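Notes follow once the structure below has been shown.
Computed from a prediction, not measured in an experiment: that's the story for all the values here.
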Amino acid sequence: MTKPISGFSKLTKEEKIDWITTNYTHNKEQSKKILQTYWNQNGRIQQLHDEFIENTITNLYVPQGIAPNFLINDRLYAMPMAIEESSVIAAASKAAKFWLKRGGFKTEILGTEKVGQVHFLFKGDPAKLNSFFTYLKPILLAESASLTTSMQKRGGGITDIALRDKTHDIAHYYQLHATFQTKDAMGANFINSCLEQFASTLKKEAANYTAFSAQGKNVEIVMSILSNYVPNCTVRAMVSCPVEQIQLTDQLTPQQTAEKIIQAIEIARVEPYRAVTHNKGIMNGIDAVVLATGNDFRAVEAGVHAYACKDGQYRSLTHATIDDGIFKFWIEVPLALGTVGGLTNLHPLVKLNLEILQHPSSEELMQIIAVAGLAQNFAAVSSLVTTGIQKGHMKMHLLNILNQLGADENEKTILVQYFKTNPVTHHGVELQLKEIRK
């Protein structure tokens with residue numbers, strides 16, 4: 001039985017690999033070779049990757065592709081997308097090409113406000129706490145000034161601090177609810193530093209506030225942390241065209257197609273089981289660009305899904321209507337992103353991807369990524385209401401199946417041609433491969 005290890009983080013990379021392959025793999029030497037195969041041949045770049053996280057032993061590659069022809073606010077973009085799922089980039093590219101001839105995508109920033117909170121317990125007189133906060137607020141701003149100077153020079157900083165009474169949820173629970181502008185930085189470190197300073201000031205000033213009882217002076221700080229729920233850091237992306245231009249299949253008229261798309265969106269608005277998968281497809285596009293630009297896709301995911309149930313039920317993030325013969329399709333989504341700081345200044349490929357995107361500001365990146373989500377959703381819903389999702393997806397998945405079955409290049413060429421006119425299933429591919437090999 002494998003025993004717990006002490007001091008693992010202090011081992012060298014090679015020692016970590018030796019321990020993990022000895023204790024948790026069947027073939028130690030083969031496992032080592034696999035891990036080393038994924039190291040970058042450039043030692044400096046590999047060291048950079050090693051230092052991004054703790055206890056690094058290798059790199060897990062995610063394929064990166066390009067979805068071209070995105071016309072956004074009359075400017076043409078090629079979209080770097082990092083994702084492992086088949087058909088995502090093809091779908092995004094198809095949607096980009098479709099809307100390129102119909103005016104492209106239009107976007108609008110709705111807000112850029114980010115949030116952080118100091119969570120604390122107060123057992124004194126609530127009325128006196130409100131008076132105390134009036135006294136405290138300018139002190140909070142003054143004592144965090146050294147942290148905000150650089151951000152203020154760039155046009156950001158603390159925009160407000162409010163006291164929130166949450167005692168109806170938890171006894172004695174209150175918040176300092178602060179809002180921030182962080183410009184082109186995602187701002188997590190900046191926000192958290194400010195919050196920890198707020199907490200220190202709050203505790204110190206409460207202890208010396210003469211109007212408080214002894215119990216009131218003993219404020220208990222529970223935690224100080226930013227929130228990834230950013231409902232006021234949002235962007236809208238939209239496409240529109242005359243209904244007669246929504247010609248996607250010979251089996252449906254443009255009017256019928258547009259109406260079916262609207263019906264599909266309405267179902268995702270009212271049915272959570274459908275909405276989750278609907279929004280997952282949107283995140284296929286969003287996450288792929290978030291990851292390619294060195295941003296935190298887990299934070300984006302958390303914030304987006306919270307936003308999807310902001311009215312008490314989980315719903316579609318996209319909307320569609322027909323108004324006076326014009327088909328409109330749009331998304332409103334929260335995106336807290338950065339184009340400076342973090343990996344954006346360190347990762348060579350992230351820096352290249354931002355160059356490919358023409359060095360966007362954080363607001364421009366919000367708009368680009370919202371478009372990626374909208375395009376992905378349009379492609380998915382269009383397929384669902386016409387040919388079905390599996391026809392196109394399985395075509396793209398064909399090479400994965402062939403690689404799983406060990407097909408050589410000649411066999412791949414033959415079978416790719418065959419399945420251009422035949423439905424793709426794993427069993428069907430297996431049978432055709434056997435026929436070729438006979």
Side-chain angles (χ1 to χ4, degrees), residues 20-21 24-41 57-69 78-98 248-252 274 276-278 280-285 287-289 291-292 349 372 375-438:
I20 194 72
T21 55
Y24 287 95
T25 71
H26 295 298
N27 189 324
K28 176 180 177 179
E29 294 308 315
Q30 182 183 33
S31 299
K32 281 186 177 182
K33 286 180 181 178
I34 291 172
L35 292 172
Q36 291 168 357
T37 296
Y38 285 86
W39 291 358
N40 196 294
Q41 294 180 357
I57 59 172
T58 194
N59 312 308
L60 178 64
Y61 293 166
V62 175
Q64 177 176 308
I66 292 289
N69 300 320
M79 199 90 74
M81 303 180 78
I83 191 166
E84 86 298 339
E85 185 173 331
S86 301
S87 77
V88 168
I89 294 177
S93 301
K94 184 177 180 181
K97 184 179 180 181
F98 180 88
L248 299 174
T249 175
D250 293 335
Q251 281 69 49
L252 297 171
R274 171 60 200 140
V276 170
T277 309
H278 179 93
K280 184 271 180 187
I282 292 170
M283 299 313 294
N284 280 343
D287 283 350
V289 188
L291 188 59
L349 190 51
Q376 203 68 41
N377 189 236
F378 178 78
V381 174
S382 297
S383 292
L384 282 169
V385 302
T386 54
T387 60
I389 202 72
Q390 282 301 88
K391 181 178 179 181
H393 179 73
M394 291 305 291
K395 294 277 188 192
M396 295 303 301
H397 194 51
L398 175 59
L399 285 178
N400 286 345
I401 298 173
L402 292 172
N403 284 328
Q404 289 173 20
L405 297 174
D408 62 28
E409 291 307 310
N410 183 56
E411 291 166 341
K412 288 178 185 177
T413 300
I414 294 169
L415 289 172
V416 166
Q417 187 63 36
Y418 174 83
F419 283 106
K420 283 183 178 179
T421 54
N422 291 277
V424 179
T425 66
H426 193 283
H427 182 62
V429 175
E430 198 170 16
L431 288 177
Q432 289 302 313
L433 187 57
K434 286 179 180 178
E435 285 296 317
I436 292 172
R437 289 174 174 174
K438 285 179 181 179

Supply the atom-to-atom distance [X] [atom1] to [Y] [atom2], rounded to the nearest 0.5 angstrom.
{"X": "L431", "Y": "I436", "atom1": "CG", "atom2": "CD1", "answer": "11.5 Å"}
{"X": "N69", "Y": "K97", "atom1": "CG", "atom2": "NZ", "answer": "8.0 Å"}
{"X": "N284", "Y": "S87", "atom1": "CG", "atom2": "OG", "answer": "8.0 Å"}
{"X": "L35", "Y": "Q30", "atom1": "CG", "atom2": "CD", "answer": "11.0 Å"}
{"X": "T386", "Y": "D250", "atom1": "OG1", "atom2": "CG", "answer": "11.0 Å"}
{"X": "T277", "Y": "I282", "atom1": "OG1", "atom2": "CD1", "answer": "11.0 Å"}

**Y38 (side chain) donor-acceptor with Y61 (main chain) under 3.5 angstrom** =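 No: the side chain of Y38 does not pair with the backbone of Y61.
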**Request:** Ignoring hydrogens and angles, tell me if any N or O in the side chain of Q432 forms a donor-acceptor pair with the backbone of V429 under 3.5 Å.
**Result:**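 Such a contact is absent between Q432 side chain and V429 backbone.
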Show the nearest heavy-atom pair for residues [X] and [Y], with the distance to one decimal.
{"X": "W39", "Y": "I57", "value": "NE1-O, 2.9 Å"}
{"X": "A82", "Y": "V62", "value": "C-CG1, 3.8 Å"}
{"X": "A375", "Y": "A95", "value": "O-CB, 3.3 Å"}

Would you indicate whether the side-chain heavy atoms of [Y] and [X] approach each other to under 4.5 Å?
{"X": "I83", "Y": "D287", "result": "no"}
{"X": "L291", "Y": "Q64", "result": "no"}
{"X": "L402", "Y": "E411", "result": "no"}
{"X": "E29", "Y": "N27", "result": "yes"}

**Asked** Listed by chain and number, what are the side chain to side chain donor-acceptor pair (under 3.5 Å) partners of Q251, not counting sequence neighbours?
**Response**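 With sequence neighbours excluded, Q251 shows a side chain to side chain donor-acceptor pair (under 3.5 Å) to T249, given in chain and number order.
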**Item:** Listed partners of K28 passing side chain to side chain contact (heavy atoms under 4.5 Å, CB included), at least two apart
**Value:**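 Partners of K28 by the side chain to side chain contact (heavy atoms under 4.5 Å, CB included) criterion, ordered by chain and then number, come out as D18, T21, T22, K32.
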**Message:** Restricting to side chain to side chain contact (heavy atoms under 4.5 Å, CB included), what partner residues turn up for A92, sequence neighbours left out?
**Reply:**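 Residues passing side chain to side chain contact (heavy atoms under 4.5 Å, CB included) with A92: A67, F70, M81, Q376.
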